[in-house]
Each structure stands twice: as C-alpha cells, then as structure tokens.
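Sequential numbering from 1 along the given sequence is applied to the chain's residues. Just follow the structure's listing: the first ligand is 1, and inside any ligand the first atom is 1. We use all heavy atoms of the structure for the numbers below, so side chains are in, but hydrogens, waters and symmetry mates are not.
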Amino acid sequence: MFGKIVNYKKENSKLIINFEKKIGIIDVINPHVINIFSPLKYEKHFSRAIETLEYEECEINFQSFDTYLELSTNALIIKIYDDFKVDFYDSNKQLLCEDYRDEREPFIRRGDSYLFEQEGHKSEEVSSSHKIEIIKKMYNDEKFYGLGEKTGHLNKKGYEYTMWNTDDASPHVESHKTLYKSIPFFITLRKNTSFGIFFDNTFKTYFDMGKENSNYYYFGADDGNLDYYFIAGPEFNKVVSRYTSLTGTTPLPQMWTLGHQQSRYTYDSKERLLEIADNFREKDIPCDVLHLDIDYMDDFKVFTWDEKKFPSPKEITKELSNNGFKVVTIIDPGVKKARGYSMYDEGLKNGFFATDKDGVTYINKVWPGDSAFPDFSDTLVRDWWADKQKLMIDSGVSGIWNDMNEPASFNGPLPDDVQFKNDGRPTDHREVHNVYGHLMSKATFNGIKKYTAKRPFVITRACYAGSQKYSTAWTGDNQSSWEHLRMAVPMLLNLGISGMAFVGTDVGGFISDCTPELLSRWVQIGCFSPLFRNHSAVVTRDQEPWSFDDTTSNIYRKYVKLRYKLIPYLYDLMKECESNGLPAMRPLVLHYTDDKNVHELNDEFLFGESILVAPILEQGKNFRAVYLPDGYWIDYWTGEIIKGQNHILKKAELDTCPIYIKKGSIIPNYPELNYIGEKEVDTLTLDIYPGNGNYTHYQDDGSSYNYKNGEFNLYKFTMTKNEDTIIKIEIPHKNYEEFYMNFKIKINDKNTNNILFNGEILSYDKTASGIEFIIPAVEGQIKF
Ligand code: GLC
C-alpha cells in the first residue's frame, strides 16, 4: 500500500516519510505515546476524541539504517520499514509490538450456506479486507482488554468486533459484534507488559483480536485516515492513564449523581412519580434521583412537557426537591416533524438538521413519528441544542438522559449518504454515525454547564472515545436475565479501562420480568457501579425495590445503604479518576498485573484499591470460589483475615455479596442518609483495617466548580503497623469552609485497647468488630 521509503524529514516531534505511494508520519506526543498517521483522506488530524493534542517536550533521537529508520525516546524505540511497517520496542530493546509482514489469511469456511440459511440461521460472514488495515503479530500469551462496551469476557482474544453504534433490541449475547458505543481502544497484556492502541477513526472500524488467525490480530476501517496512537505501559494502569490523558478523564461529578437512582419506562403522571418518591422515604430506601422517560413529553416532542400528565413541572420538581429528590429527564435527538413546533421550525429555518444528498431535511421515524435529526457535527447546532437545555433546567430538572443517539430509528438505519456539516468539513453519515451521540452529549454538557454553573449530569447511550468528558453512560437495553447480570461485570470493567469510568447497567434488567432473586443479586453489583440506577421497560412487572417481597426489599435496602455509607470513598475515587483516569470499578488485572490468576477474572472486581467484590451471578447459588490476590484480605461481613494469592470457597446466602477489604485500608464512611445532602456531615467515619497503608480523603461542596479555585480540603492518613499501630493525620490542604468537626475512628481489630491521641489516653466503645471512638478533626497522631 505504501511502497518503499523514498526520503524523509524530521520536523520537531515528527518524522515525515515519503514512501513510493503515500506519506507516513510518526509523531512523538510524549516519551510513551506515539502517533502513527497517514493522511489517506484528510491532510491533518480531525479528532472528535482528543480536544487538544498536548505534546510533552522530550528527547527524541533519530537514526537511519539501511533498511529502516529509527526514532527513540527514553521509553520506546520505534523502527519504521518499507510499506510503513512499524515495530515498537521498549528501552531495553524488548520487542513489544510488531507489524505483521504477511497478508491476512482467514480460515476456510467450508460448505454452502444456502440450506443453512433457509432454516433461518445466519452464516458467519467472511471478513473482507478493509480500506485501512493494520495487522499486528499476535503472541500465544497475548491478551486483550478494553474496546468499550462489548459483550463477552474480560479478555477479548479470539473475538472480532465492529465499531458501529447500534441499537440492537435482541438479547445481547457473546457473539454480538456491535452495541451502542464505539471506543476503538484496547490494551494488550503479555509477559506482564502492557501497551494500548487507540485507533482514532470515526468511520465503521473493525477489530479482529486473533479470531481469523492466531498469528495476528488486526484493526481496520472503511475510510478516513490511518491514525492510531501506540500507548506504552509497561504498567497496565499507566496505559489507562495515558489513554485518558489523551482523550480526557471523567470530570468530578456532583455528589448526588453518585446516589441511588430510580427509573421506569415509564412514570407517566405526576401522581405516580410522587408516589414512587414517597415510597422510597416510607420504606427507608435511600434514593437521590427519579428519571422521567419519554412519556413526560407532549407527543414525544423534545423539550416539552405533557402538562396534562405533569401540570406545572416546576412545582413538581420543587415538591420532589423538598423531599430530597432530583429529576432527570430523557431527551432523544429526533425532533418531531410538525410545523408550529418551535424546535422543528427553528431547526428547519436555520438548516440545523441533517439532510439527504440533495439538501432536503432527512426524515426517519422515532418515538414522535416522522422526525428530523439535528446535525450535532456542527458547532452552531450544538450551541442551539445547548441553549435548549435551559428549558429543562428552568423546569427544575437536574440532569439530562440522552437516548437513541446512535442514532437509532424505526425505519431502518440512516442511509450512508445522509449529509452533515461536520464543523466546516462536510461529510456523510458514515463518518458522523459513531460520534453522533458523543457530540449530542457534548452539546448537552455545555448547555447544562452554562445555565447552572454546576458540574453537569448527562447520561448517554451512544459514545465514542472521549465521551467520558461530557457524560456518564449506561449499557442500554439489557435483559432481566442471569446471563446479563454475569455479562454486566466484564462489560463495565472494560468500559472503565476504555475511559468510560462513570457507567452502570439497568439494575434488575430492562427487558422482561425480573425475579426477586435476580434483583437481590443485581443490586449487589449495582451498589458498586458508579452509575447506580434501577430501570425497566414498559409492560414489564414492577421493579422498584419494594415490588417483590420483604426479603427482596430488605436486601435491596441493605446494599443501597452500603452504597451511601461508601459515598465519600466513591467520591474520592471519582476525584482520583478526574486526575488519572482510573475507574472506581476496576478489573483485578489493573493492579495485580503480574498475577496470572487475575488475567481472566470475569466475575470479580475491585472498587478502588481497598475493596474487592466477588458477586454471586447464578440463580440458586449460595457459595462461590473467590480469588484473593497478594496481601491479606478481611471478609467484610465476618472480619476473618485471609491470606491472598489464594482461592477460597465463600458461603453467601442471598443477602450476602462477598466483599473483602485489603489489610491496611482506611475507608471513609458517611452516616445514614436518605439522600445526599439530607444533613450536614460534620463527623467523618474512618473504617480502619490495621496494617500499613495510607489514604487521602477529599472534601468540597459537592456541586460547583469552586474546587478548581482551590476550595477543597484534603485529609491525609498514614498508617504504619509495627509493635504499635500509628495513624498520622495531616491536613495538607484546607480551603473549603465546611470543615469536618470530628473523625469517628472505627478500628476493625478486636484486640485493640489503649488508644492514644496526641499522647493522651482516649476512652472508646467496644463494637462487634473492634472498637470505635471520636476525635476532633485536627492534625495529629493516633497510637494503639
Ligand atoms: C430505549 C432506551 C430505554 C428507554 C426507552 C424509552 O429503549 O434504551 O432505556 O426506556 O428507549 O425511552
């Protein structure tokens, strides 16, 4: 495709190579991140994922040899050969990633598919070659992670996927190649060394992770530029951090968005909505957010209210707010084609909708019937849409849920030739499809930010790489089935390491009827998912926590209360995520990369570094094998201390989700709350598991951007265990006025006595797991 190297020039961070047929550019973004580029369609990058490509000044060495050119940084050596074959080595000259030198060689699919298809089966497709195709040598021990929202296992080796945002109403199974999100990023792991590849191409892209031939894996695209980033580790977590520093991290959300949320397709009247709210309070199940699905709208017209069902929306949201609830409303992209409806009229007048190739507004059918599709690829349209958010905010709405933005439609998919303005670079649907939801979320985020000055809460179904900057996401229309509960774990974990850290599934499942047992087990994962929302479809049985029986309500309540207890810990994790991109919900491989036992662990996860969760994912099961990695782990329910690098068998009746705390952990807890902000938390509880460890707790107003101006507090705890255990308390940053008054210290060790705080003996209470006492929230030292 490229031919031989003809000549080259070095220009700052770039090596520009003229091959016989095309140009190839290697660009050193920083010592660990290298961009491989060829302007096959456009002269320059035009990224929807990376807002500004930030370079780091670094030493770059260049040498030319007979058969190749070589660039090196202090972390990587890159060798470039004829035909733009590129190999990456680490600084010790160990080969990390090698372009495959032969042609693809798919296996043979024998036989005639005619009769097979007559029976109704769908034949496997023979993967054709793609306009752009990068083939990499695959090693036997190589594993693949990431790729955003895909079905199947944590390790993607041996599977193929397509990136084409798809609203697929069939039950999502392992063989699905597409779902709602397209995140063309993966991480490979081999011999404890990781690197990532981000293929920044918004056209339909293809990823074959060694399915068609075990000698190689490849990624390809239908069109666009050859534009990918090689992201070195070698540590797994560094790859995630480097990828998110390219595409953006999840910004710190408002604290209430981490609360429990209830939704239903559909709460279709004010009375029902208020009844749901009252039930939460009466039944003592904490909840912060109620969602309104499409039926709150007048005739499904976006940015309107059906005032018969929801008279005076402002009063309704006010009433709910007095009871501690926020309201989030769904907004779909389709604008009803109806003269006299201001959204349609304005859009039409200003040319804000996508058109057919003759420039006529393109119409397809969604909830409101015939609808036009805003051209979110155009800044003017995004600004218009951003301004419309004010209509919802003025009604007292606190967040926006963007759905159907793949874009989905009822009369078949949007044709390839639907036209978009694409910020001055007109193009067709093929290029915009995968970023349509991403750009809609960006507009929504910008609008909410502008009109509230608070951290926006947006939920989206469709995503592209980098959507985490603007929105949270849920995994679309799952089923109330055990398969989907099992699938939720690897799916959320892979989304998290693909940058989308603020994610969750519909707790209980969306389609079909949930069972009491399934809901009881689902909430045990839901309470650890950053986005924690129960949602179910129209005409399915009720799925609110109290809809089954007392046992189910009690279990549900127990885990929602656990979630609220852990809110300050989760908020700390979200703060960490804003700075380093690491998700709260993590696969074990992220921290225990050297441990082969965790490379394929599909049914356990870490919630931050301190908490390991091993949920029960099968009907009727009340025990399971749990793998605990290196270190000592404390059974959260029994206090038993267990040595890691060990498989154990854990008995777990329906009300028990196996949870383990790493020895040496300090976990901040809140007191019982019905909703975030219900009362001022002036005493922070510290749940302490004696050992060596440290923890920094972050505190701010939980909603505004004032923290960016330094209005926050940091409390640093350093615990060292020798003969005595010493916890040093420091307050390295103190600039938010609502400072804690006290710390309530809970020591999970029954043998503890003789507590000294700053040299003075303290009295304490004995508890089931150890002791507890209160100290003022000041710097000092606890000794026991
Ligand atoms: C889609 C969404 C679902 C929503 C429904 C109605 O199916 O994925 O969450 O309830 O549309 O708006």
Is the backbone N or O of T202 less than 3.5 Å from a side-chain atom of R48, with the two atoms forming a donor-acceptor pair by type?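 Looks like no, no N/O pair under 3.5 Å.
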Would you check the N or O atoms of D293, main chain and side chain alike, for any that come under 3.5 Å of an N or O of ligand 1? yes
Taking K318 first and then E315, would you say they form a salt bridge - that is, a charged N and a carboxylate O separated by under 4.0 Å? no
Counting each atom of ligand 1 from 1 as listed, which ones have a heavy atom of [X] under 4.0 Å away?
X: R461; result: 1 (C), 2 (C), 7 (O), 8 (O)
X: H535; result: 3 (C), 4 (C), 9 (O), 10 (O)
X: I330; result: 12 (O)

Is the charged tip of R382 near the ring of F445: under 6.0 Å from the six-membered ring centre and within 45° of its axis?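 Checked: cation-pi criterion not met.
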Geometric cation-pi criterion, K301 with Y341: 6.0 Å, 45°: yes
Consider side chain to side chain contact (heavy atoms under 4.5 Å, CB included). Of M585, M255, R563, which one does L570 pass it with?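 Exactly one option meets the side chain to side chain contact (heavy atoms under 4.5 Å, CB included) with L570, and it is R563.
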So which protein heavy atom does atom 8 (O) of ligand 1 come closest to, and at what separation?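 Result: D477 OD1, 2.4 Å.
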Protein contact of atom 1 (C) of ligand 1 - nearest heavy atom, named by residue and atom, plus distance: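 Nearest protein contact, heavy atoms only, for atom 1 (C) of ligand 1 is D403 OD2, 3.0 Å.
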Just to check, does W401 reach to within less than 4.0 Å of ligand 1 when the distance is taken from its heavy atoms?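 Judged by the 4.0 Å heavy-atom criterion, W401 does count as contacting ligand 1.
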Please test K336 against D370 for salt bridge (charged side-chain N to carboxylate O under 4.0 Å, His left out), starting from the C-alpha separation and ending with a verdict. CA-CA 6 Å; K336 187 177 173 70; D370 279 351; over 6 Å; no
